[in-house]
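Have a look at the structure below, then the notes.
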Amino acid sequence: MIRVGAVGGIMGVIAEVWYFQDYWRPPTIFGVGIVGIEDYIIGFALFGVGGYIHSSFTRKEIDFDRQTKAKNRDFFFSLAYRLC
């Protein structure tokens, strides 16, 4: 849950910058309209709780000892190339 939450926190910050740059700029702890710690906390909570709910309902856990290569790695490279 901690690992998933940490990734979710980063995604919360990215979502704030990406989606809300021209929308609504609410006041934060550090000022108005900037990325704040609140974005990280919300992303952490949403991903962490979602990850916990998924693992509790499916009884599945991530096996970090068994690692495999990415199956569709070329897709991500081509997508990144097209976006740039």
Side-chain angles (χ1 to χ4, degrees):
M1 185 172 159
I2 299 295
R3 290 180 184 175
V4 172
V7 171
I10 295 169
M11 298 309 257
V13 172
I14 292 171
E16 176 68 25
V17 172
W18 193 341
Y19 294 121
F20 298 125
Q21 64 185 351
D22 61 345
Y23 180 59
W24 175 50
R25 307 303 281 173
T28 62
I29 292 175
F30 299 115
V32 176
I34 61 171
V35 175
I37 190 72
E38 299 94 348
D39 304 318
Y40 184 83
I41 292 171
I42 289 172
F44 185 92
L46 289 174
F47 272 65
V49 169
Y52 175 74
I53 289 172
H54 176 266
S55 65
S56 65
F57 279 121
T58 60
R59 305 275 187 222
K60 294 181 180 178
E61 293 185 8
I62 299 172
D63 186 9
F64 291 105
D65 296 330
R66 191 181 82 203
Q67 296 289 327
T68 60
K69 293 181 74 172
K71 294 179 182 176
N72 50 1
R73 184 183 68 176
D74 296 333
F75 170 75
F76 291 112
F77 288 138
S78 66
L79 181 65
Y81 178 74
R82 290 181 187 178
L83 291 176
C84 293

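- Residue V4 is grouped with residue I14 when hydrophobic side chains (ILVMFWY) are merged at heavy-atom distances under 4.5 angstrom, including chains of intermediate members.
- The side-chain contact (heavy atoms from CB on, under 4.5 Å) check on L46 picks up I42, with sequence neighbours excluded.
- Taking hydrophobic clusters as Ile, Leu, Val, Met, Phe, Trp and Tyr residues chained together by side-chain heavy-atom distances below 4.5 Å, F44 does not share a cluster with I53.
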